[in-house]
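Note that the coordinates shown come from a computational prediction; the quantities given were computed from them, not determined experimentally. Hydrogens, waters and symmetry mates are skipped; everything else that's a heavy atom, side chains included, is used. In what follows, residues are counted from 1 in the order of the sequence shown.
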Amino acid sequence: MCSCIVGRVSATLAPAPSPSPARSAPHRRTRLLALPEMRWALAATVAFLLGLVSDVAGMPVWVHGILYAVAYLAGGWEPALEGLRALREKTLDVDLLMIVAALGAATIGQVLDGALLIVIFATSGALEALATARTADSVRGLLDLAPATATRLTAHGGEETVPTDALATGDVLLVRPGERIGADGTVLDGVSEADQASITGEPLPVVKRPGDEVFAGTLNGTGALRIRVDRDPADSVIARIVTLVEEASRTKAPTQLFIEKIEQRYAVGVVAATLAVFGVPLALGEALTDALLRAMTFMIVASPCAVVLATMPPLLSAIANAGRHGVLVKSAVAMERLGETDTAALDKTGTLTEGAPEVTSVTPRPESGLDADALLALAAAAEHSSEHPLARAIVAAARAQGLTLAPADHFTATPGRGVSALVDGHRVTVGRDESATEDATVVLVARDGEPLGTLTLTDRLRPDAPATTAALTALTGTAPVLLTGDHAGAAARVADATGLTDVRAGLLPEDKANAVRDLQRAGRTVLFVGDGVNDAPALAAAHSGIAMGRAGSDLALEAADAVVVRDELTAVPAVVRLSRAARRLVVQNLVIAGAFITGLVLWDLVGHLPLPLGVAGHEGSTVLVGLNGLRLLRRSAWRQSAG
């Protein structure tokens, strides 16, 4: 039996570097050896390697015989049991066929090949189990975004600490500065800012005043808030994200590699044909040994080794090449699916933009007597002691210009309003200009109460965003769709800069997932690209999902089929092109493998195919398709895909 047969390979790769704490849940990881599939696969692998060493070293046959037997048992008992259960349900599982083939290989002396086949099967099953467990870890970890307890105000004005799952609609909570909000609700009293990027994707903290809505799991800023609980904890936005991801993972149509779509029929056909090749000559008087040898030869040459390798090397080579260039594709199935994309849907914050504000214009008032540099330096001096994202952007802009910042004293920050400090003996204030439009953040700088000018800050567009959207448009024939939880004005600004026309703003996580489903119900094959917790339902619901890895949340990284580790947006169309190249090689290899199998099978049926020649022909076809698939390992393959 061929040693190169690969079962349902699911080459799960490690996720990207850890995301920032503000955007992700604490990560709970299942230990590798906590999975029984991983333990059995490890036992089978160790036994096989020890057997191989003893075999090569020329030790007694019984030594490596026992070790190979351990590999057969450790790695084969579970797929064999599952195959027998499927057989009881009148379904022939290809795993059972492979176990029978491995045992058949052992009966004609090819014990090593059969043991290697068993190890490959066990490792494949362990990788699939690990991928499933890691996804479940991240879904559970998402719940940690919401705090375990909250401070509830009693009817008599007192305070009590209660579990958040004990909260009820109508309860009033006290949320102190720096605490996470315990429930979805409405602000009754107080002014602060909430970092709700994990829910809406908005890049900057949002001012919260009485009457404003807040979400469980978002981070309160520097002010204290009294909040009325409006939703049961089980129905909060964060809880609905968990439900959406789980439902999308369950209801997403089962996917397989191309060859696996016909494996059931192929398995039945090979078994039936092998029995016929054995039984008919035996009934006509052929010797038992000769009939068995012919049947075993038939099973070997008709085995799907070359056909499976026709599929796997191109896809795995594409995975390896993409990995070298910072794109981790999680499985061969995922790589195959990426090439089927005909519509792209993109998140805004953290995907097309960097998720961090930058100063884009400085506008001094004519009567202020200041130029742009002087106004920027004054604002940066006042903001120097602040940890607010806007303050950091203003200070960074001043430093980039090489400006000297005057010392500031008596710094104060007022939630929702801005900062104030004494600079050169004057009271300088920097705060949001509430009259500004929502497509950018505008801050007003004043000195001793007199307005001096404004600074405009916007979420920084990735330099390669326009080229990426143009490349995706060329690949799919349709301009990508922009799906964002940010304001319509901010979304329109990014759309104008990237040439997008279909813009859907103000979307909650479930709205993004529903938008993806609507596109797919309309017959589109959707690739969604995102980075945050709020993108996870859409990543799970889409035909294919790609997560930006540098600041991506754990849940987004697990829900996605691929991760762009270096946040190079142009890698998205490149990996789609690479997938399409792999699919073309798969078709070429299937033609080659099919021709070899047909020729060898006919030779065995019509004439007398010697077993060594059958093995050589079968192995030769396997090597040929394998080498053809490995062409995608070349660096030039990525360069061509990257355009």
Side-chain angles (χ1 to χ4, degrees), residues 19-26 141-152 164-165 167 169 171-245 347-350 355-357 387-390 415-416 441 459 484-487 490 506-512 530-537 551-556:
S20 60
R23 297 177 66 89
S24 64
L142 178 60
L143 293 173
D144 290 338
L145 276 176
T149 61
T151 302
R152 182 168 61 187
T164 50
D165 57 9
L167 296 175
T169 302
D171 286 347
V172 177
L173 308 181
L174 173 63
V175 183
R176 295 183 171 87
E179 292 183 343
R180 288 197 177 271
I181 296 172
D184 290 3
T186 301
V187 177
L188 298 178
D189 184 52
V191 178
S192 187
E193 293 180 328
D195 180 356
Q196 53 190 39
S198 60
I199 302 297
T200 65
E202 293 169 285
L204 297 174
V206 179
V207 176
K208 297 297 181 181
R209 297 187 175 89
D212 289 340
E213 183 179 23
V214 293
F215 302 106
T218 56
L219 186 65
N220 186 29
T222 57
L225 298 174
R226 283 199 307 120
I227 296 170
R228 182 187 67 238
V229 177
D230 290 341
R231 293 192 189 97
D232 185 274
D235 194 40
S236 68
V237 172
I238 204 77
R240 291 206 302 271
I241 293 177
V242 173
T243 302
L244 285 168
V245 173
D347 170 51
K348 182 186 78 68
T349 305
E387 289 298 318
H388 194 281
L390 291 178
T441 299
D459 189 4
T484 178
D486 210 346
H487 299 295
L507 303 180
L508 288 175
E510 59 191 287
D511 300 325
K512 286 188 178 182
D531 73 308
V533 169
N534 58 313
D535 297 320
S553 70
D554 285 339
L555 189 63

Distance, nearest 0.5 Å, that separates CD of E213 from OG1 of T186: 6.5 Å
Separation of T151 OG1 from D171 CG (nearest 0.5 Å): 12.5 Å
4.5 Å side-chain heavy-atom contact, P177 and S192: no
Donor-acceptor contact present, side-chain D195 to main-chain P205, <3.5 Å: no
Distance in Å, N220 CG paired with I227 CD1, rounded so as to fall on 0.5 Å steps: 7.0 Å
Gap between atom CZ of R152 and atom CG of L174 - 0.5 Å precision: 13.5 Å
Atom of T484, atom of K512 and distance for their closest heavy-atom approach: CA-CE, 3.8 Å
Close side-chain approach of T218 and I181, heavy atoms under 4.5 Å: yes
Heavy-atom side-chain proximity of K348 to D459 below 4.5 angstrom: yes
Side-chain donor or acceptor of R180 paired with backbone N/O of G217 under 3.5 Å: yes
Beyond-backbone contact of L167 with P233, side-chain heavy atoms, under 4.5 angstrom: yes
Gap between atom CG of D189 and atom CG of L225 - 0.5 Å precision: 8.5 Å
D511 CG to N534 CG distance, which is reported to the nearest 0.5 Å: 11.0 Å
Closest contact, heavy atoms only, D184 versus R231: OD2-NH1, 2.8 Å
Nearest non-hydrogen partners of V191 and V207, listed with the distance: CG1-CG1, 4.4 Å
